[in-house]
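Everything below concerns the one structure shown next.
Throughout, a chain's letter reflects where its sequence line sits, starting with A, and its residues are numbered from 1. In this text, all values refer to a predicted model and were calculated from it rather than measured experimentally.
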Amino acid sequence: MELSSKYNPKETQDKWLKFWKDNNVFHAKTDLTKKPFTIVIPPPNVTGILHMGHALNNTLQDIMVRYKRMNGFEALWMPGTDHAGIATQNVVEKQLAKEGKTRQDLGRDEFLKRLWTWKQEYGDTIISQLEKLGSSCDWERTRFTMDDEYSEAVKEAFIHLHKKGLIYRGERIINWCPRCQTALSDEEAEHKEKSGKLYHLKYPLKDDPDQHVVVATTRPETMLGDTAVAVNPKDGRYTKLIGKTLVLPLMDREIKIIKDDLVAAEFGTGAVKVTPAHDPNDFMMGQRHHLPVINVMNPDATINEQGGKYKGLDRFTARKQILADLEALGLLEKIEDHKNSVGHCYRCDTVVEPYLSKQWFVSMKPLAKPASQAVQKGEIRIHPMHWSKVYTNWMQDIHDWCISRQIWWGHRIPVWYDKEGNHFVAKSEQEAKAQAQAKHGKPVELKQDEDVLDTWFSSWLWPFATLGWPKQNNDLKYFYPTNTLMTASEILFFWVARMIMAGYEFMGEKPFSDVLIHGTVRDAKGRKMSKSLGNAIDPLEIIDEYGADALRFSLIINSGQDIFISKEKFEIGRNFANKIWNASRLVFMNCEYGVKRLDPHSLGSHEGGVIASVAKQSFSDDLDINNLDLPSRWIIARFYETMEKVSRAIEEFRYSEAEILIQDFFWGSYCDWYLELIKTKLNDPNIQKTALFVLKNSLKMMHPFIPFVTEEIYSKMNTKDQCLSLAAWPEKEGTLIDQEASKQMQAIIDVISTIRKIRIQWDIKPNQEVMVEIIPDNEVQAGLFKINSAYITHLAKVALSISSEFSTSKDAVFDLVGTVKICMPLKGIIDLEVEKKRKREEIAQKQKSIDGLQSRLSNEAFVSKAPEEIITKEKERLSTLTKEVNELKNVLSNLS
RNA sequence: GGGCAAGUAGCUCAACUGGUUAGAGCAAUUGACUUACAUUCAAUAGGCUGAGGGUUCAAGUCCUUCCUUGCCCACCA
């Protein structure tokens, strides 16, 4: 049977995804005999499709949760999706637009039906895509922020805060998106630096129309709603004019000149038009000076009937028209270039209009206090640390949170109004009616608030609402508080900060202990990946082409502060998975212990039918260190050393480092050295056992990072585990660690690594002794033959593997330097032409170090002040260097 | 304007609380069919650690000033 030597990830993935699902492997129960470990997924939008950010975020979580599961924790990873109010509504509205309809055409109920249908059809896309990554979520528990139970939690939260007086309704200037026709929170309005214009407009004085005050504005269309002009009281230029009346051009409205400290004399002309309905600062001034508030815009940002003849024009058309009209009147003094930042809707990128409207707000100061302290006291740790400063900073001058949205998709605000405008906050219309009846003494008609709540008002409850809150059930008791939250920095304020507030407010306890903030995935040039830039790499495409393991491994190993990715980077992971596969093939092909009966198509089968014998005795870890040769002792010690480092790295959230350690060990030590060294000795049962033992434990260690290949290979081994996902993390076996041997072997490896030339005799037969010289050089010239240095190292490894000295270990290092036996005949005398130049260079380099060390050691200050160990170390270093130089000199003189 | 981070090989990152000769991987260059793997193996070269000043026996690491880049917050009439 022809077997491709290449690992085929697709088959493996499908197989194990099915297995995990069918056996409900990742389901977590309230098991009181075990410690819980809980994380909640940052719920992706139902509209979402998997992008690299998700891939990174979820891989990190999966590593964490798989590691904990293997370490004996009852590990719960709670999955789910977010209804993402505006985003989802937009998607369906676009769909409608194709049919030539608007949501108003359908009406609220019909429109919501469409949304639910859409959600049913497409809402699980992102979930199945996350699954494909290998995410070990408890899929049975998948939650949605608009599930019935979850909606109860949202209402409960609203009512709770309202009772405490932390929710209020008010008329404010908010960020309004004219396209989405809804309010946005401050965080949802993204400010972008734009080069615009600053228009200088002349407002004539009523008493003396030839005189005028010049005001500067970037949004001239708002002048239609001006109700004053303000100057700084200390600004000498205008002292005389304060209190005078101006005539607002185009509208012929009389407005006063007022003084206010808010006005900066240095900016523009020092005089500001005041439009209380269209600017937050102007609104404040308006309140201070009791100015009329004239709203000149409709919700879609066209001019309304307050705008006179401009009624019906779009805000930007109106701007042009107004400027033209003013110019015709000679009232446009000048236009300057001006850089300012303009808010944009984070969903549709429309320019946000500051707009006056009635909204619901949450008072944030009281909630922020415990949340801020939690981080300052270290009760909640944010990693990397410096983000906690950013967090604290933000918490200090937090603004109230506008939570009402004028859309239909979301949690409808649980407030009902009677005809007089009294409002009743309740869980249901019935309850509200009861309240109203109590107030009025008779049944009254009520109408529910039309608005819905901000999406984040539901997702800030995520860590406990997913577990059943407000019900106090066992899940909530057992799994809350959660342990770690993994997220991108973008939603630190949107979500993380608010979850912390909600945790303390509603649960009286922190929602999680650690917050991990990871970088952004960028392209090779450092630009953010985005569809519009066309630089996005589709994770699904990578999974298809390279495999999920490759995607995961490559993403993590590349993650520093930010992650720079290009398609070629995924080869790292693919190659590594392939390497593991092939190393396992080698081991399986040669080991009769511990490998399950193999079918001819699977891993480890061999063309020549090498595996004749199948495991008769099941493999057990009954390794007896006394029977092991030097390389075996070394690889076991190396494994445990690596495993400890990897464990620590995972615990400390240094995942990329863990992967580097793993790669270094498995590829650099196990494959490149151990497997090479044992190739010719694979009929030795002790060597087989060791090879399998280390492979098996390595698979465990690598599993959190690359779950699919490891599962597949592990399943071919004789173990008692149902699957690797449920296996235990390797435990350290002190009796198997021989530090001495390990060091010795390391020394041998170091020696071989420096072998550059070998003196080999003509027609060497197997087991014949040859001289090995340690001479750094690239190529060896020998008469007509050339031997590549690569081949020399290989030869040395092979030689080492059959060297009989090896099994007796102790003196092997020294023997090796002198003599090894070569396993295969070589055609050719390879006589060594030594490059004296190189030698001299090396000597010179070392001499330089010696000089440096000597001068330091003769420095009195150093000797008297430096700690003892440092001095000893340096002395040792000096003597070895001197020795080396002398040896080199010897060799050099022998050569000439 | 306020705050935070980072500048180390061509690129991405290491270097534990200051302590041997600043390390990897990728890319580049050279070479190799070697009974698991060319998705492989082996080797070479590549550095005044952003700049200046200071502290110290000793500075990539600590302090200070400056320069560059990225991020966050606020303001912008």
Side-chain angles (χ1 to χ4, degrees), chain A residues 5-7 186 191 198-199 215-219 222 230 262-264 267-275 279 281-282 338-342 384 386-387 389-391 393-394 397 489-490 492-493 520 524 526 546 550 557-564 568-569 571-590 604 606 608 610 656-657 660 663-664 671-672 675-676 679-680 756 776-779 786-795 797-798 824 845-846 848-849 852-853 856 859-867 869-871 873-874 876-878 881:
Chain A
S5 63
K6 282 165 192 162
Y7 164 58
D186 289 344
H191 286 264
L198 189 61
Y199 305 94
V215 294
T217 178
T218 52
R219 294 186 294 144
T222 61
L262 204 69
V263 181
F267 189 90
T269 58
V272 186
K273 59 193 270 312
V274 183
T275 325
D279 183 277
N281 287 328
D282 292 8
H338 179 67
K339 265 199 183 146
N340 65 342
S341 69
V342 180
H386 69 259
W387 282 104
K389 286 182 200 163
V390 179
Y391 171 90
N393 229 9
W394 186 74
D397 48 38
S489 61
E490 287 102 85
L492 180 62
F493 302 130
T520 311
Y546 298 103
I557 207 163
N558 271 301
S559 60
Q561 281 213 319
D562 275 351
I563 296 122
F564 302 92
E568 307 80 62
K569 292 254 170 107
E571 288 171 10
I572 302 169
R574 178 197 60 181
N575 296 358
F576 187 51
N578 184 61
K579 188 73 181 178
I580 297 168
W581 182 263
N582 279 302
S584 307
R585 279 181 77 220
L586 172 71
V587 175
F588 286 8
M589 273 192 281
N590 291 287
H606 190 276
V610 165
S656 67
E657 208 179 309
I660 292 169
Q663 204 183 27
D664 196 44
C671 295
D672 286 351
L675 293 185
E676 290 297 335
K679 260 181 189 170
T680 55
R756 298 295 174 269
D777 182 22
N778 191 17
E779 266 184 13
K786 259 188 167 181
I787 270 199
N788 180 263
S789 54
Y791 197 65
I792 293 176
T793 310
H794 176 72
L795 264 180
K797 281 183 189 174
V798 176
M824 67 182 74
Q845 208 193 345
K846 291 202 165 155
K848 221 170 120 189
S849 304
L853 280 168
R856 199 121 63 98
N859 183 339
E860 271 175 45
F862 174 73
V863 176
S864 62
K865 290 193 179 175
E869 327 138 32
I870 302 285
I871 296 172
K873 262 189 195 171
E874 303 229 331
E876 271 171 26
R877 175 79 195 142
L878 182 62
L881 270 174

Rounded distance in Å between the [atom1] positions of [N] and [M]:
N     : M     : atom1 : value
B/A51 : B/A59 : C1'   : 16 Å
B/A58 : B/G19 : P     : 14 Å
B/A27 : B/G10 : C1'   : 8 Å
B/C48 : B/A9  : P     : 8 Å
B/C11 : B/U55 : P     : 34 Å
B/U61 : B/G53 : P     : 14 Å
B/A32 : B/U20 : C1'   : 36 Å
B/U30 : B/C37 : C1'   : 22 Å

Of the nucleotides [options], which has the atom closest to the [X] side chain?
X        : options             : result
A/Asn578 : B/U39, B/C72, B/A36 : B/U39
A/Trp394 : B/C37, B/C73, B/G19 : B/C73
A/Phe862 : B/A36, B/G19, B/A42 : B/G19
A/Trp387 : B/A36, B/C71, B/C57 : B/C71

Without decimals, in angstroms, what is the distance between [X] [atom1] and [N] [atom2]?
X        : N     : atom1 : atom2 : result
A/Tyr391 : B/C73 : OH    : P     : 15 Å
A/Ile870 : B/A59 : CD1   : C1'   : 14 Å
A/Gln663 : B/U12 : CD    : P     : 19 Å
A/Ile563 : B/C13 : CD1   : C1'   : 12 Å
A/Phe564 : B/A27 : CZ    : P     : 19 Å
A/Asn859 : B/G19 : CG    : P     : 18 Å
A/Arg856 : B/A59 : CZ    : P     : 9 Å
A/Leu675 : B/A36 : CG    : P     : 10 Å

Practice task
Check whether the side chains of A/Arg585 and A/Asn582 place a donor and an acceptor atom closer than 3.5 Å, and report yes or no.
Solution key: yes

Problem - Stem regions touching RNA chain B, defined by at least 3 consecutive Watson-Crick or wobble G-U pairs below 3.5 angstrom - result: B:1-7 with B:67-73, B:10-13 with B:23-26, B:28-32 with B:40-44, B:50-54 with B:62-66

Would a 4.5 Å heavy-atom cut-off, applied to side chains only, mark [X] and [Y] as touching?
X        : Y        : value
A/Arg219 : A/Asp279 : yes
A/Tyr7   : A/Ile580 : no
A/Val342 : A/Thr218 : no

Exercise for the section: May I ask you to decide if A/Phe564's main-chain N or O and A/Lys569's side chain share a donor-acceptor pair within less than 3.5 Å? Expected result: yes

[X] near the nucleic acid: base, sugar-phosphate alone, or nothing, with a heavy-atom cut-off under 4.0 Å?
X        : value
A/Lys389 : sugar-phosphate
A/Pro384 : nothing
A/Val863 : nothing

Problem - Earlier contact from the 5' end, RNA chain B, for A/Glu874 and A/Glu657 - result: A/Glu657

Exercise for the section: Assign each of A/His386 and A/Val390 to its nearest nucleotide of RNA chain B by heavy atoms, then name whichever residue's nucleotide is nearer the 5' end. Expected result: A/His386

Practice task
Would you please confirm or rule out a distance under 4.0 Å between OP1 or OP2 of B/U40 and any side-chain N or O of A/Asn575?
Solution key: yes

Handout entry: side chain to side chain contact (heavy atoms under 4.5 Å, CB included) between A/Val390 and A/Trp394, worked out
Key = CA-CA 6 Å; A/Val390 179; A/Trp394 186 74; 5.7 Å; no

Exercise for the section: Search all heavy atoms of A/Val215 against all heavy atoms of A/Val272 and return the closest pair with its distance. Expected result: CG1-C, 4.1 Å

Handout entry: Nearest heavy-atom neighbours spanning A/Val263 and A/Ala230
Key = CG2-CB, 3.8 Å

Handout entry: base_contact_polar (B/A27 base, A/Glu568 side chain, donor-acceptor, <3.5 Å)
Key = no

Problem - Lys NZ or Arg CZ of A/Arg574 over A/Tyr546 ring: under 6.0 Å, within 45° - result: no

